[in-house]
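Data block below; observations after.
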Amino acid sequence: MKARVKVFLFTEYLMCLLLALYLGINFSNNFNLENFLFMILILFIINNVSLFFNSITNIVTSIVLPVLLPAMVLLDPFWVAIIAGIGTIEIKYRDNSFIWYKFVFNRTMLFLAGGLAALVFNLCNNLMDLNFMFLPLLIASLIYFFINHFLLYTVLRFSENERSLYFIEISKNLISSYFLGLVLYYSYSFFGKVFFILMIVLIYVIKDFLYSSLRQLNSYTQIVESFLKVIDSKDNYTEGHCKRVSIYTHILCQEMKLRKTLLERIVNIAKIHDIGKIYVDDQILKSSDNLSIEEYEKMKKHSVYGYEILKDIDIMKEDVDIILNHHERYDGGGYPYGNSGDDIPLGARVLSICDAFDVMTTGRSYKPSMNKEEVIEELRKCAGGQFDPDITEVMIKLINKDVFDDSFKEIEENNNYQLSLNYS
Ligand SMILES: [Fe+2]
Ligand SMILES: [Fe+2]
């Protein structure tokens, strides 16, 4: 263990001892054995049944604070600190590696956070003399979260085990913990212990449900990122093209005011819409501007290949039709099936315009990139034929609003660079 970690831990243990002495002497009179044992037992059971785990940020969001908030109202700070320190002990059946200093650190950290939060609640409550305790409990929750995360963050930084704190996630946890704490407190004080336990079971069911959807969303993003790497390893241009198309898709979907969930799904699929090209021969991919009829037929299969790759992934099932249809035309003249109009999924109609927009603005070796006016003209020409006319109008509106000017600027710079190379 590093010397600075030792110094930090020693300081923390010392603070914990001082706080225990201070609270023990001044804030331990209000004690009810029944409430104390009930709270400590509930916390212990909750911590050992399952922990709520946030898959995106890896911050453990247990239900410690919601149980501590009612305890703060019912007991003196000294007993709340003991509940926080001891009630949170976890018995890990599968993990035999018991590290004593980690164990002591967790106990003292929770003792400090719980004890100081309860002390502040006590002082605020006496000072404000309010019949309802929403504000003192909110202040106590802030103190608990601050101390908890500060100690955790510092010890991890000192041991050079880098870990970022996601303040948005922490704030969300703080707000949800605070409201859960209020619900639990009122359940306990108005309806008794049985109702309190029922509320905790209900919270578990809801949280588990929320967690499973969060995990699903996370694995969706991970799958997309992995496929992006596969595309990149095969063909660098396609990766860049897919990324740009997904950005355009995002902007267009926002302007169309699509539901957030639908928008996210279309944008995620846009990121890998040409995934099927990994099955197309390198030779065909690299000379994609100058293909024979036979080679072009092979290239056209990439939308079906993409569909085949993703169709068996459960969480993508609903969206693979977008990939399958992204080269269909509004007038029915596209491929692979010649679908037309609204038979083409909305996501595919959006994607098709953004896909073409990227091709127009980046150009091909046989065809230079187009400027703003030329792109608008081309889109107008293709509205109702290749593209959905309504979505095309939204896209043109965005171009006119200069939303995509960066893309045009980059292209102009590239063209000027090419020009100067040709003349040098
Ligand atoms: Fe494509
Ligand atoms: Fe594409």
Side-chain angles (χ1 to χ4, degrees), residues 224-225 227-253 265-291 293-311 316 319-340 343-367 369-370 375 378-379 382 385-388 391-392 395 404 407 410-411:
V224 168
E225 294 301 325
F227 276 124
L228 257 180
K229 280 183 201 150
V230 176
I231 297 173
D232 184 35
S233 66
K234 171 86 175 179
D235 175 17
N236 193 259
Y237 170 79
T238 305
E239 193 232 5
H241 161 74
C242 283
K243 279 185 178 166
R244 287 191 300 273
V245 170
S246 75
I247 294 168
Y248 304 146
T249 308
H250 195 159
I251 299 170
L252 184 52
C253 287
R265 301 190 89 109
I266 299 175
V267 172
N268 267 323
I269 279 294
K271 280 184 194 164
I272 51 170
H273 71 274
D274 278 333
I275 178 76
K277 284 189 180 170
I278 61 173
Y279 280 144
V280 177
D281 286 347
D282 280 357
Q283 219 186 332
I284 298 178
L285 268 186
K286 298 224 158 91
S287 57
S288 59
D289 296 334
N290 195 16
L291 298 176
I293 295 171
E294 197 188 320
E295 285 172 330
Y296 184 55
E297 284 306 315
K298 281 184 185 167
M299 181 68 138
K300 275 163 69 177
K301 284 196 175 139
H302 77 272
S303 48
V304 178
Y305 291 151
Y307 171 81
E308 289 294 329
I309 294 169
L310 303 175
K311 75 176 183 359
M316 291 193 148
D319 309 318
V320 282
D321 273 349
I322 298 177
I323 291 194
L324 186 62
N325 284 278
H326 81 274
H327 283 291
E328 294 290 8
R329 291 171 54 106
Y330 195 74
D331 61 7
Y335 62 86
Y337 302 120
N339 289 336
S340 64
D343 288 343
I344 305 167
L346 176 70
R349 279 178 273 145
V350 172
L351 189 53
S352 145
I353 295 175
C354 298
D355 195 21
F357 178 78
D358 186 60
V359 174
M360 289 178 210
T361 49
T362 48
R364 287 283 187 259
S365 57
Y366 62 93
K367 201 176 177 191
S369 55
M370 298 179 181
V375 168
E378 184 68 19
L379 284 173
C382 299
Q386 189 176 349
F387 308 130
D388 180 317
I391 306 175
T392 313
M395 187 70 177
F404 299 113
S407 314
E410 247 169 59
I411 291 143

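Atoms within a ligand are numbered from 1 in the order they appear, just like the ligands themselves.
In this structure K301 satisfies the salt bridge (Lys or Arg N to Asp or Glu O under 4.0 Å) test with no other residue, sequence neighbours excluded. Qualifying ring-ring contact (aromatic ring centres under 6.0 Å, His included) partners for Y248, counting only residues two or more places apart in sequence or in other chains: F357, F404. Qualifying ring-ring contact (aromatic ring centres under 6.0 Å, His included) partners for H327, counting only residues two or more places apart in sequence or in other chains: H302, Y335.
With hydrogens and angles disregarded, no donor-acceptor distance shorter than 3.5 Å links the side chain of D281 to the backbone of Q283.
Other residues, nucleotides and ligands contribute over 12 non-hydrogen atoms within 6.0 Å of the NZ atom of K311.
Salt bridge E297/K300: present, at least one basic N to carboxylate O contact under 4.0 Å.
Excluding water, every protein N/O/S atom under 2.8 Å from the Fe ion (ligand 2) is given here by residue and atom: H241 NE2, H273 NE2, D274 OD2, D355 OD1.
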